[in-house]
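Here's the structure, in structure tokens; my notes come after.
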Protein chains: 2
Amino acid sequence: MSDEVVTFFKALADANRLKIVGLLAQQPYSVEELAALLDLKPSTVSHHLAKLAQIGLVSARTESYYNVYQLDEKALQSKSQNLFSQENLAASVVDVNANAYDQKVIADYSRKDGSLKTIPAQRKKLEAVLRYVVQAFEINKKYSEKKVNEILSRYHEDTASLRRELVGYGLMKREGGGGDYWRE
Amino acid sequence: MSDEVVTFFKALADANRLKIVGLLAQQPYSVEELAALLDLKPSTVSHHLAKLAQIGLVSARTESYYNVYQLDEKALQSKSQNLFSQENLAASVVDVNANAYDQKVIADYSRKDGSLKTIPAQRKKLEAVLRYVVQAFEINKKYSEKKVNEILSRYHEDTASLRRELVGYGLMKREGGGGDYWRE
DNA sequence: AATCTAATTTGATGAGTATCGAATTAGATT
DNA sequence: AATCTAATTCGATACTCATCAAATTAGATT
């Protein structure tokens, strides 16, 4: 689906093809005439017209010896309207892995056993790692600080920092003053 | 001027750049994040973003370590509206030689001395040659048939055919029944 | 000031494609 | 039917450009 849009832009990403569109906007022309006007060989113009026809922008009508091409202005307008519609923008993104960044960061910072080499200093990377670590806790279950530290120690010896950051970024909550922790 | 339009289409004639536009339509991203999402190296993403920035579609804002890129939706809409405006279509054509086809045909059919090798059989080529031949006559001056033939003989021995076609295509007029010829 | 990090730039490489000439095809004219 | 002619297809070539790795730059953190 996004392929269609790429093909459309590729078809128009050439100076000579744009000139052809401009010329056909004035009047229909045969391949031979276009070749003379653009100072190109007929085979080259044929190649360009095929690309424009592929996206439905031009069509040919046989007239005696000649193949006269004309611009489909309707298609031109309708295509250009929807180019950046919500559907097309969304379609271009369907096959990107939304978690790719987190995965890359986690892979960079993890050992084979799942523990962390270091705790990232950069905010975005720290967030990615914390989103990963917090999954070790069940949702809505209460944990004592001792239990939290025990779980976090699987990831890094500096359990205090991990615990503090998890709360700081809102990934875990703490009850009142010195109570239990939980993940929402 | 047409260069600008070509640059615009070229900038969007790439699947990964379209994905970048789609992603930035959702939220701003850093180069590093985009690289992870698209499974590309940061240097490649930088290259793509430079092309998108060149046409004013994205811009960067520095945020701590990161260069966060955002989509300029206003530019996106306004650009896509005017893409095939009358101005752009006309601009794409400014530097094409409108007489190139006639010139090519005339060159193909003329000898060095200006005379015609043959009279073209194809309509379009015949028209081009006739437009060339008729320039030997002054506008609004009356010529006898004998004088017409004398002038046409510089181009081809079959003056009768040339004379008939000139009148047939309306390039020369004839007075009443057997009177003089003239070019309007 | 020294060090770290993300981004950019540069150079090299491979894939894609615009262009042409030659061969072929499709169709009209004679 | 035979012959012309424009268009298309095919193969080759040159150029453009997407991509990466390495080097450099710009900027923030310590």
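Naming convention: chains lettered A, B, ... in sequence-line order (proteins, then strands); numbering from 1 in each chain. Worth saying up front: this structure is predicted, and the values here are computed from it rather than measured.
Remark: A:T44 is in phosphate contact with C:dC20, judged by side-chain N or O atoms under 4.0 Å from OP1 or OP2. For D:dT8, one of the phosphate oxygens OP1 or OP2 lies less than 4.0 angstrom from a side-chain nitrogen or oxygen of A:Y69.
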Under a 3.5 Å cutoff on both atom distances, Watson-Crick or G-U, what's the dot-bracket for DNA chain C ([ ] crossing, | other strand)?
||||||||||||||||||||||||||||||
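Among the protein residues, A:Y65 comes within range of the nucleic acid bases, having at least one heavy atom under 4.0 Å from a base atom. Contacts of A:R17 with the nucleic acid, taken as non-hydrogen atoms under 4.0 Å apart, involve only primed sugar atoms and P, OP1 or OP2. Among the protein residues, A:S43 comes within range of the nucleic acid bases, having at least one heavy atom under 4.0 Å from a base atom. Within 4.0 Å of A:H48, counting heavy atoms only, lie sugar-phosphate atoms of the nucleic acid but no base atom. Using a 4.0 Å heavy-atom distance criterion, B:K124 is classed as making no nucleic acid contact.
A donor-acceptor contact shorter than 3.5 Å links the side chain of B:T7 to the backbone of B:D3. Not one N or O on the side chain of B:Y101 forms a donor-acceptor pair closer than 3.5 Å with the backbone of A:E32. Proximity of a side-chain donor or acceptor of B:Y65 to a complementary backbone N or O of A:R123 within less than 3.5 Å is not detected. B:D102 contributes no side-chain N or O that, together with a main-chain N or O of B:Y132, makes up a donor-acceptor pair within less than 3.5 Å.
Two residues, B:N67 and A:T62, neighbour DNA chain C, and the one matched to the more 5' nucleotide by heavy-atom proximity is B:N67. Between A:K125 and A:K41, it is A:K125 whose nearest contact on DNA chain C lies nearer the 5' terminus. Between B:K10 and A:A121, the residue anchored closer to the 5' end of DNA chain D is B:K10, taking for each the nucleotide with the nearest heavy atom.
Taking OG from A:S46 and CG from A:L40, the interatomic distance works out to 12.0 Å, rounded to the nearest 0.5 Å.
Atom CZ of B:R61 and atom P of C:dA7 are 12 Å apart (whole Å). When rounded to the nearest whole Å, the span between CG of A:D14 and P of D:dC15 equals 16 Å. The distance from atom CD of B:Q122 to atom C1' of C:dG27 is 12 Å, rounded to the nearest whole Å. Between the CG atom of A:L52 and the C1' atom of C:dA18 there is a distance of 13 Å, given to the nearest Å. When the P atom of C:dT17 is taken as reference, atom CZ of B:F9 falls 17 Å away, rounded to whole Å. In this structure, B:L38 places its CG atom 14 Å from P of D:dA18, rounding to the nearest Å. The nearest whole Å value for the distance from the CZ atom in A:R123 to the C1' atom in C:dC4 is 17 Å. The interatomic distance linking A:L40 (CG) with C:dT19 (P) rounds to 5 Å, in whole Å.
Taking the six-membered ring where tryptophan is involved, the planes of B:F9 and B:F84 are tilted, since the angle between them lies from 30° to 60°.
Here the side chain of A:K51 is nearest to one of C:dT17, C:dA7, D:dA7, namely C:dT17. For A:S64, taking side-chain heavy atoms from C-beta onward, the closest of the listed nucleotides D:dT8, C:dA28, C:dA18 is C:dA28. In this structure, of C:dT8, D:dA7, D:dT19, it is C:dT8 that holds the atom nearest to the side chain of B:V31.
Remark: of the listed residues B:D72, B:V21, B:I20, B:L49, B:V21 is the sole one forming a side-chain contact (heavy atoms from CB on, under 4.5 Å) with B:L57.
Ionic pairing of A:E150 and A:K147 is present here: one or more N-O contacts between side-chain nitrogen and carboxylate oxygen are shorter than 4.0 angstrom.
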